[in-house]
Amino acid sequence: MQPLIDNARTFGQRPEEFAKLAEGQSPQVLFITCSDSRVVPALITGARPGELFELRTAGNIVPPHTSQHPTSEAATIEYAVEVLGVRDIVVCGHSHCGAVGALVRGDDLTAVPAVRDWLAHATPRPAGQAEDPEVAEGVQAHVLTQLLRLRSYPCVGRRLAAGQLALHAWYYEVHTGAVRAHRPRTDTFESL
């Protein structure tokens, strides 16, 4: 913890770099990814403060849209699309994902009921090889399922229909730093 505290102490000593941020934000991208500490959207994309609007959830899960019981995730998506006017949404899964790995393996999650109940939103259960520590196949299928789920959000559906929004599926390899994007024409994940 001490290195983090030391950095935080010196971070605010460059006010000229941050003054413009007080005027507001206008990110062009909503970046939805996992809460995993090895996945750092600004590091992966090179984004500066104010350039990415981030939504981080365990397993980069986009919960089903419902108007009866709005979720924090739904509010974040709606705000990014309707208020900030993002032009792109990236759902980025990653190798060695504990959440997707647990789903692929069918792990018993009774000891962590909140995790179990959250991962229930990941239906259908991602396919993949249980013995693969990268869970690449499972994560890639899971990311595509989350893109489909995004399409069910009314604000996303409207903007897609109007040609004002694009959806992207990415797969980040934590062990290499490589990023692959889904190519619909070949239905494969290829290097950016």
Side-chain angles (χ1 to χ4, degrees), residues 3-4 7 25 27-63 71-74 76-77 80-81 84 86-107 109 112 115 118-151 153 156 160 165-192:
L4 300 176
N7 189 67
Q25 62 176 326
Q28 295 299 303
V29 178
L30 168 60
F31 199 93
I32 301 172
T33 194
C34 186
S35 305
D36 191 300
S37 62
R38 300 168 293 180
V39 181
V40 183
L43 184 63
I44 293 168
T45 63
R48 302 286 302 151
E51 293 180 344
L52 284 180
F53 198 66
E54 295 181 27
L55 173 57
R56 298 186 63 144
T57 70
N60 52 269
I61 292 172
V62 175
T71 63
S72 171
E73 297 80 17
T76 300
I77 293 164
V81 171
L84 296 175
V86 298
R87 304 280 305 167
D88 296 277
I89 299 176
V90 174
V91 177
C92 182
H94 67 93
S95 68
H96 304 87
C97 182
V100 175
L103 291 166
V104 168
R105 292 184 303 273
D107 290 356
L109 300 173
V112 283
V115 173
W118 175 252
L119 294 183
H121 290 300
T123 57
R125 184 174 144 195
Q129 311 224 347
E131 63 279 353
D132 175 13
E134 291 180 38
V135 289
E137 180 185 350
V139 170
Q140 291 172 6
H142 175 69
V143 166
L144 294 175
T145 299
Q146 303 320 298
L147 279 191
L148 288 174
R149 178 120 358 111
L150 271 171
R151 292 175 179 278
Y153 280 65
V156 172
L160 285 169
L165 184 67
L167 303 180
H168 311 272
W170 285 11
Y171 173 72
Y172 170 64
E173 294 180 345
V174 299
H175 57 291
T176 67
V179 178
R180 301 182 188 286
H182 182 256
R183 305 292 184 217
R185 95 182 173 305
T186 59
D187 196 26
T188 58
F189 280 79
E190 300 172 10
S191 295
L192 288 177

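Basis for what follows: all heavy atoms, side chains included, without hydrogens, waters or symmetry-related copies. The residues of the chain are indexed from 1 along the displayed sequence.
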So which heavy atom on [X] is nearest to which on [Y], and how close?
X: L52; Y: A42; value: CD1-N, 4.2 Å
X: A169; Y: L144; value: CB-CD2, 3.8 Å
X: V139; Y: C97; value: CG2-CB, 4.0 Å
X: R105; Y: G98; value: NH2-O, 4.4 Å
X: A47; Y: E51; value: CA-OE1, 3.3 Å
X: P126; Y: L103; value: CD-CB, 3.8 Å

Residue pair [X] / [Y], side-chain heavy-atom distance below 4.5 Å:
X: Y153; Y: V81; answer: no
X: H182; Y: D187; answer: yes
X: E134; Y: H96; answer: yes
X: R56; Y: V39; answer: yes
X: R180; Y: S191; answer: yes
X: E54; Y: P27; answer: no
X: N60; Y: C34; answer: yes

Pairwise distance [atom1]([X]) to [atom2]([Y]) - rounded to 0.5 angstrom:
X: C92; Y: Y171; atom1: SG; atom2: OH; result: 10.0 Å
X: T71; Y: W118; atom1: OG1; atom2: CH2; result: 6.5 Å
X: I44; Y: T33; atom1: CD1; atom2: OG1; result: 6.0 Å
X: L147; Y: R149; atom1: CG; atom2: CZ; result: 11.5 Å

Quick check against the 3.5 Å criterion: does R151 have a side-chain atom that pairs as donor or acceptor with the backbone of L160? no

Determine yes or no for a side-chain-to-main-chain donor-acceptor pair under 3.5 angstrom, with D36 supplying the side chain and R38 the backbone.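 Yes, D36 side chain to R38 backbone: donor-acceptor pair under 3.5 Å.
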
Verdict with supporting geometry, H142 and V104, side chain to side chain contact (heavy atoms under 4.5 Å, CB included): CA-CA 10 Å; H142 175 69; V104 168; over 6 Å; no

Using the rule given for side chain to side chain contact (heavy atoms under 4.5 Å, CB included), can you reason through W170 versus L192, listing the C-alpha separation, both sets of side-chain angles and the distance that settles it, and then say yes or no? CA-CA 9 Å; W170 285 11; L192 288 177; 4.0 Å; yes

Passing option when Q146 is tested against I61, L167, I89 for side chain to side chain contact (heavy atoms under 4.5 Å, CB included):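 So, applying the side chain to side chain contact (heavy atoms under 4.5 Å, CB included) to Q146 and each of I61, L167, I89, only I61 qualifies.
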
With D88 as reference, evaluate L30, L165, V29 under the side chain to side chain contact (heavy atoms under 4.5 Å, CB included) test and give the passing residue. V29

